[in-house]
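First comes the structure, then the notes that go with it.
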Amino acid sequence: MASLDKWLSGDRRREVPRMEEVKSDSIKKFTEIKEGTIGILLGSDYNPESRKAFLKFYDVKNHRIVIWYDTTNHHPYAYYKGDIKELENNPAILRKRDKIIDIIEEEKIDPLNDEKIKVAKIIAKDPLVIGGSRESLREYITLWEADIKYYANYIFDLDFEVGGYYILEGVDKIPKRIHLEVPPEVKKFLDSPNIDENMKDWLIRLSEYVPPLKRISLDIEVYNPRGIVPQAENPEFPIFMISLYASDGLKKVLVYDIRSELDESTASKFEFDVEVFNNERDLIKRAIEIIEEYPIIITFNGDNFDLPYIRRRGEKLGLIDLKDKIRLGRNDARVTWGIHIDLYKFFKNVSIKNYAFGGAYDVISLDSIAQSLLGKGKTEKIEYFGEIPMEEIIRYSFRDAELTYELTSFNRDLVMRLIIIIGRIANMVIDDVCRLSVSNWIKNRLIHLHRKKNYLIPRPEEIKGKGEKRHFQPITKGKKYVGALVIEPKPGIHFNVHVVDFASLYPSIMKEYNISYETVNCVHEECRDNLVPDTTTWICKKKRGIISEFVGVIRDIRVDVFKKLSKDKTLDEDKREFYNVIQGALKVFINAIYGVTGSDAFPFYYLPAAEAVTLYGRYAINRAVEKALELGLEVIYGDTDSLFIKNPDPNKINELISGIEKELHLKLEVDKIYRYVALSTRKKNYFGVLKDGSIDIKGLVGKKSST
DNA sequence: AGCATT
DNA sequence: AACGGCTAATGCG
């Protein structure tokens with residue numbers, strides 16, 4: 001304590017930092033690639049010095065990241081729709097002439113007008129010419145595809161697949177995609193006749209084995225005064241502890257013995273390694289030396305705290321090449337030798353929280369998430385280190401690193417697998433998967449799909465420009481368009497109630513009715529008679545919509561293959577769990593695709609498309625009610641995609657299901673059967689007892705009577 | 001009471 | 001930074 005007080009009072013004994021590099025051969029490692037290296041593509045980035053995109057592969061044999069630099073002479077670019085001669089004389093272009101490699105004419109397909117068009121492609125020496133600075137071309141000229149990250153662009157253009165296996169044959173050869181042998185349980189589906197080529201590609205890509213990934217978690221402690229929270233932007237207090245927990249069994253706490261209270265006996269008191277240092281610089285140096293041996297770094301809030309703090313403290317203390325190891329972005333921190341996963345960002349992601357983990361945790365903190373998912377939390381909370389014995393802080397700090405690591409390893413590496421699978425679905429590098437939201441995941445894959453079809457990606461205002469007419473007033477004030485239909489419940493206790501529902505209604509509608517931003521109110525005259533019920537919105541009959549196709553294929557492989565595999569008792573648990581991760585990740589995408597279509601922040605937002613989905617949904621449930629009544633069935637309630645039918649003749653239910661399937665091409669199925677269900681006058685509030693005796697309660701919360 | 005807001 | 005519908009609590013002439 002005394003030394004802390006002294007330190008706080010200003011006696012910081014600032015020695016002149018020795019300019020010294022952290023010893024490492026990590027840079028050298030990247031200059032050569034051993035022939036025959038097998039790697040999984042996990043990351044990519046752009047190197048401004050060499051002006052090249054590069055890829056990060058996880059070497060599955062040596063468990064390190066291998067970096068491969070572009071050899072194809074690929075460059076950043078953007079498109080211009082107007083006259084190429086005019087463009088060449090545009091002042092903004094003239095100003096940037098020395099940074100423009102070429103302007104060439106290219107043929108693309110305009111998906112909104114369904115026609116081939118000639119566009120000018122501006123090829124630049126570096127990405128900032130296109131976008132990212134105030135002087136960039138996109139600030140002066142209306143450009144197309146000018147806001148795609150360059151390294152993402154690179155992956156799309158060369159058709160690289162994130163999460164896929166590659167063989168690296170040297171620095172000068174383009175990595176070649178290789179495929180592991182398809183496991184028999186998946187092969188069975190590949191050979192089946194109702195699986196098309198598109199589905200096959202997805203099946204092979206997603207089901208490929210995800211190996212255990214070597215990784216280390218890291219957590220730092222800062223010796224700050226009471227009541228002051230250390231700031232990564234201005235790291236004025238020393239790091240005095242760094243805890244590490246790795247997949248290869250390394251468990252270690254590095255301590256800078258700031259109060260000189262430890263001795264030789266300290267290390268033996270713990271079930272993990274403890275290394276003691278007498279200054280902060282050696283502590284940081286040692287930590288970097290260790291984590292550099294790991295291709296994947298796991299933190300909890302490392303983007304905004306641990307990594308920037310380490311980098312800035314280290315630089316203050318003269319560890320000058322930390323800037324080449326930890327790269328600080330505006331809102332992230334990346335490590336050059338590997339991949340940094342910040343679990344705080346990942347678990348904060350609404351789709352991860354609510355869909356992947358069913359809202360299991362509430363507060364986004366290490367303690368709360370660990371408590372919910374691992375069943376154990378932090379050690380007792382420490383408010384102020386100054387009063388706590390060093391040995392106790394060591395245990396506390398170690399626990400954080402342990403929990404952070406275990407959040408990636410519990411349930412057979414569920415989280416690591418999930419991250420890789422999302423990367424495969426979105427074709428997005430792991431760093432971005434962990435930091436961006438579901439709309440970005442979807443956008444990323446859609447951009448790649450546009451490239452594959454040679455579609456020029458429309459600007460959002462072009463999509464809007466097709467017209468935003470909505471046909472019905474939203475029920476709820478402040479909403480943009482009408483949503484689901486909820487049928488007025490018949491209050492009372494009803495016995496033998498069968499609930500039928502449409503299987504993933506909105507995604508099925510998007511798939512079956514060809515809903516996409518370019519197919520709703522398409523350009524063709526001959527499609528204008530294909531109307532959404534009760535509207536003047538029409539849907540294309542000539543071309544498959546890009547979003548419809550995407551949601552269709554991932555819906556099909558989820559329902560037809562991965563859901564089945566996840567329940568296949570002939571497979572071992574590890575495999576079942578893996579297939580369960582895949583079907584769960586697919587579900588996140590499938591459900592969100594309709595949602596983002598109705599979100600104006602989404603670049604492919606189109607209100608009439610979102611409204612068409614809900615209107616078809618309303619139409620479907622209304623038709624089902626009509627059909628049920630025709631069959632003499634009694635409908636007592638329904639919500640969005642479900643009908644509650646009282647005491648039905650089972651044959652009539654089957655007739656209803658087959659009739660609807662024939663008429664609407666939507667699958668209706670019996671979801672559950674209640675022995676009895678009690679409905680009130682309120683929608684979305686009921687309870688019932690199912691056939692197996694279990695109780696089902698919706699919307700009702702326990703309340704005290706006021707009397 | 002009735003509407004707006006969360 | 002995924003949608004809308006619905007219930008309940010709270011605030012305010």
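Just so it is clear, the model here is predicted, and its values are computed rather than measured. Every chain is numbered from 1, with letters handed out A, B, ... down the list of sequences.
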Note to self: Under 4.0 Å from OP1 or OP2 of dC6(C): is there any side-chain N or O of Lys683(A) that close?
What the structure shows: yes

Checklist line | Lys/Arg N to Asp/Glu carboxylate O, Lys511(A) vs Glu549(A), below 4.0 Å | finding: no

Margin query: At 4.0 Å (heavy atoms only), tell me whether Ala484(A) reaches a base, stays on the sugar-phosphate, or touches nothing.
Written below: sugar-phosphate

Notebook entry, point to check: For DNA chain C, whose closest nucleotide is more 5', that of Pro474(A) or that of Ser599(A)?
Noted result: Ser599(A)

Item checked: Earlier contact from the 5' end, DNA chain C, for Asn591(A) and Lys684(A) -> Asn591(A)

Checklist line | Sugar-phosphate only, base, or nothing, as touched by Tyr481(A) at under 4.0 Å among non-hydrogen atoms | finding: sugar-phosphate

Checklist line | Residues touching DNA chain C, which here means a heavy atom under 4.0 Å, drawn from residues 602-623 of chain A | finding: none

Check: Think Lys480(A) has a side-chain N or O under 4.0 angstrom from the OP1 or OP2 of dG4(C)?
Finding: yes

Margin query: Mind checking if Gly595(A) touches a base, just sugar-phosphate, or nothing, with heavy atoms under 4.0 Å?
Written below: base

Are there any protein N/O atoms within less than 3.5 Å of an N/O atom in nucleotides 4-6 of chain B, and if so, which ones and at what distance?
none

Item checked: Pairs meeting criterion ring pair (Phe, Tyr, Trp, His ring centres under 6.0 Å) with involvement of residues 663-690 of chain A, two or more places apart -> Phe495(A)-Tyr676(A), Tyr637(A)-Tyr686(A), Phe644(A)-Tyr686(A)

Next item on the list: Identify whether the distance between the nearest side-chain nitrogen and carboxylate oxygen of Glu626(A) and Arg623(A) falls below 4.0 Å.
Entry: yes

Notebook entry, point to check: Taking side chain as C-beta onward, heavy atoms only, is Pro491(A) less than 4.5 Å from Ser680(A)?
Noted result: no

